[in-house]
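Order of the sequence lines sets the chain letters (A, B, ...), proteins ahead of strands, with each chain counted from 1.
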Amino acid sequence: DSGVTQTPKHLITATGQRVTLRCSPRSGDLSVYWYQQSLDQGLQFLIQYYNGEERAKGNILERFSAQQFPDLHSELNLSSLELGDSALYFCASSEGNTGELFFGEGSRLTVL
Amino acid sequence: DQQVKQNSPSLSVQEGRISILNCDYTNSMFDYFLWYKKYPAEGPTFLISISSIKDKNEDGRFTVFLNKSAKHLSLHIVPSQPGDSAVYFCAASAWAQGGSEKLVFGKGTKLTVNP
């Protein structure tokens, strides 16, 4: 158990819809990262938040947005969903001083 | 542009033998390298790391080697066990440069250790 909690574990929705994925980091971790893993792809970095502020941005589509709340949990919002958005979405957290990320079990999104 | 490359999608070895997983990177700003292991239906878990100031780091059966001039690192598992069967991801960051701690991952290598 990494200590990172993601909900929901599975989500099935239709094209054009909007979903929210939630992540609770390990206790004490200030940084939260979101990664996307599509079929046969590695983990693609989407975005990082540190103590409520956006710190780094990767290949995140404009239809996607994220935020980190004062209690340090984070949400990833995916809107106008397309079939190609079907993927595993991982959240990770870190202390910020070891270089290691601790991953949750992921949220599997299926867009039909 | 793929900055971290794992050119072997899969690797199969016999139990007790050595497993060698390879990884190449292109970004010379990377200064910290990690290996993660991932089982089905689970998130990646940290395995071992190495800083660019070292060329080898060992932790039990796992050893990571870094060749900076070749921009190449490898993970050795000796002896391999069936429980090591998983997907192994190589990752890199420009952590010590003062940038984000975000990791750039390769596509992974699926290791199968046969009994």
Margin query: What part of Gln37(A) gets within 4.5 angstrom of chain B, counting heavy atoms only: side chain, backbone, both, or neither?
Written below: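 Contact with chain B: side chain only.
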Margin query: Counting C-beta onward and ignoring hydrogens, is there a side-chain heavy-atom pair between Thr45(B) and Ser2(A) closer than 4.5 Å?
Written below: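 Contact flag for Thr45(B)/Ser2(A) side chains = no.
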Next item on the list: Step through it carefully: locate the ring centre of Phe105(B), locate the ring centre of Phe45(A), and say whether they are under 6.0 Å apart.
Entry: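 Ring-ring flag for Phe105(B)/Phe45(A): false, centres at least 6.0 Å apart.
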Note to self: Run the side-chain contact (heavy atoms from CB on, under 4.5 Å) test against Lys68(B) and tell me which residues pass, sequence neighbours left out.
What the structure shows: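 Expected list: Tyr25(B), Ser52(B), Leu66(B).
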Item checked: Whether over 12 other heavy atoms sit under 6.0 Å from Arg17(B) CZ ->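 Not more than 12 within 6.0 Å, no.
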Check: Considering residues, nucleotides and ligands other than Arg108(A), do more than 12 of their heavy atoms fall under 6.0 Å from its CZ?
Finding: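 Count not over threshold, so no.
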Next item on the list: Determine which pairs satisfy ring pair (Phe, Tyr, Trp, His ring centres under 6.0 Å) with at least one residue from residues 48-73 of chain B, sequence neighbours left out, and list them in order.
Entry: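 Sorted result for residues 48-73 of chain B: Phe65(B)-His76(B).
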Next item on the list: Please answer: with hydrophobic residues joined when any side-chain heavy atoms are less than 4.5 Å apart, are Val111(A) and Leu11(A) in the same cluster?
Entry: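 Yes, same cluster.
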Notebook entry, point to check: Are Leu101(A) and Leu46(A) in one and the same hydrophobic cluster, where Ile, Leu, Val, Met, Phe, Trp and Tyr link if side-chain heavy atoms are under 4.5 Å apart?
Noted result: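 Different clusters: Leu101(A) never reaches Leu46(A) through Ile, Leu, Val, Met, Phe, Trp or Tyr contacts under 4.5 Å.
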Margin query: Minimum heavy-atom separation for Tyr35(A) and Leu103(B), please, with both atom names.
Written below: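 Residues Tyr35(A) and Leu103(B), closest heavy atoms: OH-O, 2.7 Å.
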Check: Closest approach of Phe90(A) and Lys38(B), non-hydrogen atoms and distance?
Finding: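 Nearest heavy atoms, Phe90(A) then Lys38(B): CZ-CE, 3.5 Å.
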Note to self: To the nearest 0.5 Å, what is the distance between CZ on Phe103(A) and CZ on Phe89(B)?
What the structure shows: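 Answer rounded to 0.5 Å: 9.0 Å.
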Item checked: Top of Lys9(A), Gln6(A), Glu105(A) for chain B proximity - count of heavy-atom pairs under 4.5 angstrom ->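 So the answer, after comparing Lys9(A), Gln6(A), Glu105(A), is Glu105(A).
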